[in-house]
Number of protein chains: 2
Amino acid sequence: MRNATDALACLQENGYRITTTRQAVNDVLYRLKGPFTIEELSDALPGIGRATAFRTVRLFQDLGIICRVNLEDGSARYQLASTGEHHHHFICTECGVVTEFIDAHIDQAVNRQAQGANFELNAHTIDLYGIGSCCSKKCSTNS
Amino acid sequence: MRNATDALACLQENGYRITTTRQAVNDVLYRLKGPFTIEELSDALPGIGRATAFRTVRLFQDLGIICRVNLEDGSARYQLASTGEHHHHFICTECGVVTEFIDAHIDQAVNRQAQGANFELNAHTIDLYGIGSCCSKKCSTNS
DNA sequence: ATCCTAATGATATCTAGTATCAAATAGCGT
DNA sequence: ACGCTATTTGATACTAGATATCATTAGGAT
């Protein structure tokens, strides 16, 4: 899911209408880039109702255009699925920025653990919380 | 945190009073065993107010007596922290049972990944979703 | 251009969780 | 055992995040 038009094509392919609302949401997605709450998205789209913001986010999520990030406290953020692929998250607890990463070693270790426990693995989430490079400069005095 | 009385001792050690309410909550915790929502806990304790159920769960969580499990959909469940230690979760998407596990290999890989990305890691959560041994027998026909 | 269905927005509602505050009570000193 | 005081509790109201309802709007096939 690279280009802004891909999302629209994806809508069409799946039998959903390309409405001005969905185009507007899509535009904002590609402008925001970072993780956003639905409130933020809704604020960025004054003409669009809250319910529709939620509906559209859910639709885009179902279509794999955006992915949900669960924060430590249970609150949700969303962002463009930069890769449609499987990935994990660095979540900066200072500024909330979420960075995706892929790590084959971790995935291997996870798969081995699941096999060893006779667990039929369908999905897994790995979220790392801490201070990212985005904020570490400011925090050079801690610990 | 093995015995039901340990939780009460833990309360006392931390300067919290051992009230009948907290004892009742503690009893239910040890009876429920599996992961529960606060509503379920509240239902199991008719005499105890909703607000107190939430308060007590939070307190027990802060004391490490129970741990919070974030489900895929963002909803929260709680269960006895079988180890006070760092651990991860197998979450059975059939029956909702959560099993804890410890895996040094995964933790190592996570730490390496964080170091490589110049990310000051404070915490991480790893949740595996799939069919556990609790349910795999019933599902022997799938895939 | 017309028509039908999907999508939208306003609103009400729901759920999870927190704040408030008066009443109850744990547990201390005596 | 008794009383005192700070902690805890329950009822209630409230907030935030999200969904249901439903009349209106608009996409897009014809």
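Reminder, nothing fancy here: chain letters follow the sequence lines and each chain counts from 1. Just so it is clear, the structure is predicted and the values come from calculations on it, not from any experiment.
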CZ (B/R68) with more than 12 external heavy atoms under 6.0 Å: yes

Over 12 non-hydrogen atoms of neighbours within 6.0 angstrom of CZ in B/F54: yes

Separation of [X] atom [atom1] from [N] atom [atom2], in whole Å?
X     : N      : atom1 : atom2 : value
A/L63 : C/dA7  : CG    : P     : 11 Å
A/L8  : D/dG28 : CG    : C1'   : 15 Å
A/L11 : C/dA6  : CG    : P     : 15 Å
B/L41 : C/dG17 : CG    : P     : 12 Å
A/I48 : D/dT24 : CD1   : C1'   : 17 Å
A/Q23 : C/dT8  : CD    : P     : 11 Å
A/D62 : C/dA7  : CG    : P     : 13 Å
B/Q61 : C/dT18 : CD    : C1'   : 15 Å

Can you find a donor-acceptor N/O pair under 3.5 angstrom joining the side chain of [X] to the base of [N]?
X     : N      : answer
B/R58 : C/dG17 : no
B/R50 : D/dA11 : no
B/R55 : D/dG10 : yes
A/R17 : C/dT5  : yes

Single-linkage hydrophobic cluster, 4.5 Å side-chain cutoff, A/L121 and B/Y129 together: no

Sugar-phosphate only, base, or nothing, as touched by [X] at under 4.0 Å among non-hydrogen atoms:
X     : value
A/T21 : sugar-phosphate
A/R22 : sugar-phosphate
A/G47 : sugar-phosphate

C/dG9 phosphate, OP1 or OP2, under 4.0 Å from A/T52 side-chain N/O: yes

Toward the 5' end of DNA chain C, by each residue's nearest nucleotide, A/T19 or B/E39: A/T19

Upstream residue (5' side of DNA chain C) when B/I18 and B/R68 are each assigned their closest nucleotide: B/R68

Aromatic contact, B/H124 with B/H88 (centres under 6.0 Å): yes

Main-chain N/O of B/C10 paired to B/N14 side chain as donor or acceptor, under 3.5 Å: yes

Exam field: side chain B/T56 to backbone B/T52, donor-acceptor pair closer than 3.5 Å: yes

Using the side-chain heavy atoms of [X], tell me which of these nucleotides is nearest: [options].
X     : options                : result
A/F54 : D/dT19, C/dA16, C/dG9  : D/dT19
A/Y16 : D/dG10, C/dA7, D/dA18  : C/dA7
A/Y78 : C/dA10, D/dG10, D/dA18 : D/dA18

